[in-house]
J.: 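One structure follows; several queries about it will come next.
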Amino acid sequence: MEALVCNKLGDPIPIPIPSEANTVIEIQKNHPIPQLNSPTAVRVRVKATSLNYANYLQILGKYQEKPPLPFIPGSDYSGVIDAVGPLVSSFKIGDRVCSFASLGSFAQFIIADQSHLFPVPDDCDLVAAAALPVAFGTSHVALVHRARLSSSQVLLVLGAAGGVGLSALQIGKACGAIVIAVVRGAQKVEFLKSLAVDHVVDSNKENLILSVKDFLKSRNLKGVDVLYDPVGGKLAKDSLKLLNWGAQILVIGFASGDIPVIPSNIALVKNWTIHGLYWGSYRIHRPVVLEDSIRELLSWMEKGLITIHISHTYSLAEARVAFSDLRDRKAIGKLMIALDDQRSVTSRL
């Protein structure tokens, strides 16, 4: 099978692009097809896999989990079941599924236990389903399970045009909250306005604090109740000045590369709650929460309550360009890698 393999830690983006001199990642055309490793294992022929910032950090060697080299990166994916173990009862060959893994989805085939797969409704696009688990799963667990966002609250989303940012906006609106989005660039501002976001701040041109305060005053609102922060840095620091008494801070990530310091004395006086959210660890510590979350999101997608906005789809051979676009924040929504090879090794093992 074809697979993207990380041979050593480092930046997968060569300068200039394209270049074969960068050997951090390579496309292997004849990588061994994985075999079923348990009676309840399922092999999925991958249709599409999502590109997340965590994948980039893992190749750089800056992610909290560091797998042994070499490895196939990748996390959430969708596809069609290609082979099933003898004790598989929940799925059959040909079923459409989506899931996520700690590694391995940047390849034409991947192995998963049947308990880790989710059926994709017939009315849902299979490529879009591959973009759902990590980005929307992160925002759903953060906003619904942890913050318990309600219709009476104000939600402020940093990095709102990225994959997790857009998912947070949609889930916030689905919860009935008043949603404020922070982005960079006029194109992103116009796109978010088309989504009926209540207020959009272009941090390239506007002062975040003044813009949000003016909006809150116009709506007779006191402040922000929930801060959703996948960015960190100065934006996060400034956002603290907008928070209400009793506000909740959701620490999602640090795309800016700068980890902010939240002053504990102010958190004490203002009764803030700070939630650290490492979504992937829910599979170990709270798997039921994670599974229920993804099932609900698939139901919402089927009903049209959420929409997966795919900025661009790349082939596996274009992975370096995809990582470059991810790093440089060129996307509005999700970046995807599609694997459309129709060669099948279908069997029941």
J.: Please report the interatomic distance CG(Leu132) to OG(Ser99), rounded to the nearest 0.5 Å.
T.: 11.5 Å
J.: Can you check whether Val46 reaches Ile110 side chain to side chain, under 4.5 Å on heavy atoms?
T.: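 Counting from C-beta outward, Val46 and Ile110 do come under 4.5 Å.
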J.: Could you walk me through whether Asp214 and Lys217 pass the salt bridge (charged side-chain N to carboxylate O under 4.0 Å, His left out) check?
T.: CA-CA 5 Å; Asp214 286 346; Lys217 184 178 180 180; over 6 Å; no
J.: Considering only heavy atoms from C-beta outward, does the side chain of Ser167 approach that of Thr138 to under 4.5 Å?
T.: no
J.: Of all the heavy-atom pairs spanning Ala177 and Leu149, show the shortest one and how long it is.
T.: CB-CD2, 3.8 Å
J.: Between Leu69 and Cys6, is any pair of side-chain heavy atoms under 4.5 Å apart?
T.: yes
J.: Go through the steps to decide whether Ile294 and Phe100 satisfy the test side chain to side chain contact (heavy atoms under 4.5 Å, CB included), and finish with yes or no.
T.: CA-CA 10 Å; Ile294 294 179; Phe100 61 94; 3.6 Å; yes
J.: With the side chain counted from C-beta on, respond yes when Arg327 and Asp11 share a heavy-atom pair under 4.5 Å apart, and no when they do not.
T.: yes
J.: Treat each ILVMFWY residue as a node, draw an edge where side-chain heavy atoms are under 4.5 Å apart, and state whether Val182 and Ile209 are in one component.
T.: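 Yes.
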J.: Taking 4.0 angstrom as the limit, do Asp95 and Lys92 come out as a salt bridge?
T.: yes
J.: Give the cluster check for Val24 versus Phe106: same hydrophobic cluster or not, with ILVMFWY residues linked at side-chain heavy-atom distances below 4.5 Å.
T.: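 Same hydrophobic cluster.
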J.: Check the pair Cys175 / Val144 against side chain to side chain contact (heavy atoms under 4.5 Å, CB included), numbers first and verdict last.
T.: CA-CA 8 Å; Cys175 292; Val144 176; 4.0 Å; yes
J.: Identify the two heavy atoms, one from Glu206 and one from Ser211, that lie closest to each other, and give their separation to 0.1 Å.
T.: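 In terms of heavy atoms, the two residues are closest at OE1-OG, 3.3 Å.
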J.: I'd like to know if Phe71 and Ile337 are part of one continuous hydrophobic network [Ile/Leu/Val/Met/Phe/Trp/Tyr, side-chain heavy atoms within less than 4.5 Å].
T.: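 No, Ile337 does not connect to Phe71 through the hydrophobic network.
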J.: Taking a hydrophobic cluster as the set of Ile, Leu, Val, Met, Phe, Trp and Tyr residues connected by side-chain heavy atoms closer than 4.5 Å, whether directly or through intermediates, do Val88 and Val97 fall within one such cluster?
T.: yes
J.: Is it the case that the side chain of Arg329 and the backbone of Ala255 share a donor-acceptor pair, with hydrogens and angles ignored and the cut-off at 3.5 Å?
T.: yes
J.: Working to the nearest 0.5 angstrom, can you tell me the gap between Asn37 CG and Asp113 CG?
T.: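 Rounded to the nearest 0.5 Å, the CG-CG separation comes out at 8.5 Å.
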J.: Which atom pair, heavy atoms only, marks the closest approach of Lys334 to Gly163?
T.: CD-CA, 3.6 Å
J.: Are Leu36 and Ile111 close enough that some pair of their side-chain heavy atoms sits under 4.5 Å apart?
T.: yes
J.: If hydrophobic clusters are built by linking Ile, Leu, Val, Met, Phe, Trp and Tyr wherever their side-chain heavy atoms come under 4.5 Å apart, do Val44 and Val127 end up in the same one?
T.: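 Shared cluster, no.
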J.: For residues Asp258 and Ser256, is any side-chain donor paired with an opposing acceptor at under 3.5 Å?
T.: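 Short answer, no.
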J.: Is it true that, when you exclude Arg283 itself, more than 12 heavy atoms of the residues, nucleotides or ligands shown sit nearer than 6.0 Å to its CZ?
T.: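 It does: Arg283 CZ has more than 12 such atoms within range.
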J.: Is a side-chain N or O of Arg96 found less than 3.5 angstrom from the main chain of Cys124, in a donor-acceptor match?
T.: yes
J.: For the side chain of Gln35 and the backbone of Ile33, is there at least one donor-acceptor N/O pair under 3.5 Å apart?
T.: yes
J.: First locate atom CD1 of Ile262, then atom CH2 of Trp272, and finally report the distance between them rounded to the nearest 0.5 Å.
T.: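 Atom-to-atom, Ile262:CD1 and Trp272:CH2 are 8.0 Å apart.
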J.: State, yes or no, whether a side-chain contact exists between Asp325 and Tyr314 at a heavy-atom distance under 4.5 Å.
T.: yes
J.: Could you check Val189 against Lys205 for side chain to side chain contact (heavy atoms under 4.5 Å, CB included), going step by step and ending with a plain yes or no?
T.: CA-CA 11 Å; Val189 170; Lys205 296 181 178 180; over 6 Å; no
J.: So Phe191 and Leu166, do their side chains get closer than 4.5 Å, heavy atoms only?
T.: yes
J.: Decide if atom CG of Asn30 counts as having more than 12 heavy atoms of other residues, nucleotides or ligands within a radius under 6.0 Å.
T.: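 Count not over threshold, so no.
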J.: On a heavy-atom basis, which atom in Met1 and which in Ala107 lie closest, and how many Å separate them?
T.: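 For Met1 versus Ala107, the nearest heavy atoms are CE-CB, 3.8 Å.
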J.: Could you tell me the separation between the CG atom of Leu192 and the CD atom of Gln187, rounded to the nearest 0.5 Å?
T.: 10.5 Å
J.: Decide side chain to side chain contact (heavy atoms under 4.5 Å, CB included) for Val5 and Ile72; before the verdict, give the C-alpha distance in whole Å, the side-chain angles of both, and the deciding distance to 0.1 Å.
T.: CA-CA 5 Å; Val5 178; Ile72 299 173; 4.2 Å; yes
J.: Please determine whether a side-chain nitrogen of the Lys or Arg among Lys173 and Asp198 lies less than 4.0 Å from a carboxylate oxygen of the Asp or Glu.
T.: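 Salt bridge: yes.
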J.: Atom CG in Asp292, atom NE2 in His145: separation rounded to 0.5 Å?
T.: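 If I round to the nearest 0.5 Å, the distance is 10.0 Å.
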J.: Okay, side chain of Asn55, backbone of Asn52: is any donor-acceptor separation there less than 3.5 Å?
T.: yes
J.: Which atom names give the shortest non-hydrogen contact between Ala135 and Val164, and what distance separates them?
T.: CA-CG1, 3.8 Å
J.: Hey, what do you get for NE2 (His199) to CG (Leu156), rounding to the nearest 0.5 Å?
T.: 9.5 Å
J.: Using modelled atom types only, decide if a donor and an acceptor are shared between the side chain of Ser239 and the backbone of Leu235 within a distance under 3.5 Å.
T.: yes
J.: Is it the case that the side chain of Asp82 and the backbone of Arg45 share a donor-acceptor pair, with hydrogens and angles ignored and the cut-off at 3.5 Å?
T.: no
J.: For the NZ atom on Lys62, are there more than 12 heavy atoms of other groups (residues, nucleotides or ligands in this structure) within a distance under 6.0 Å?
T.: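 12 or below, so no.
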J.: What are the two closest heavy atoms between Met336 and Ala131, and how far apart are they?
T.: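 For Met336 versus Ala131, the nearest heavy atoms are SD-CB, 3.6 Å.
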J.: Without swapping roles, check the side chain of Trp300 against the backbone of Thr307 for a donor-acceptor pair under 3.5 Å.
T.: no
J.: Ignoring hydrogens and geometry, is there a side-chain-to-backbone donor-acceptor pair from Gln108 to Glu2 under 3.5 Å?
T.: yes
J.: Checking Ser78 side chain against Lys47 main chain: does a donor-acceptor pair fall under 3.5 Å?
T.: no
J.: Look at the side chain of Gln153 and the backbone N and O of Asp225, then say whether any donor-acceptor pair between them is shorter than 3.5 Å.
T.: no
J.: With a 4.5 Å heavy-atom cut-off, do Tyr56 and Leu51 have their side chains touching?
T.: no
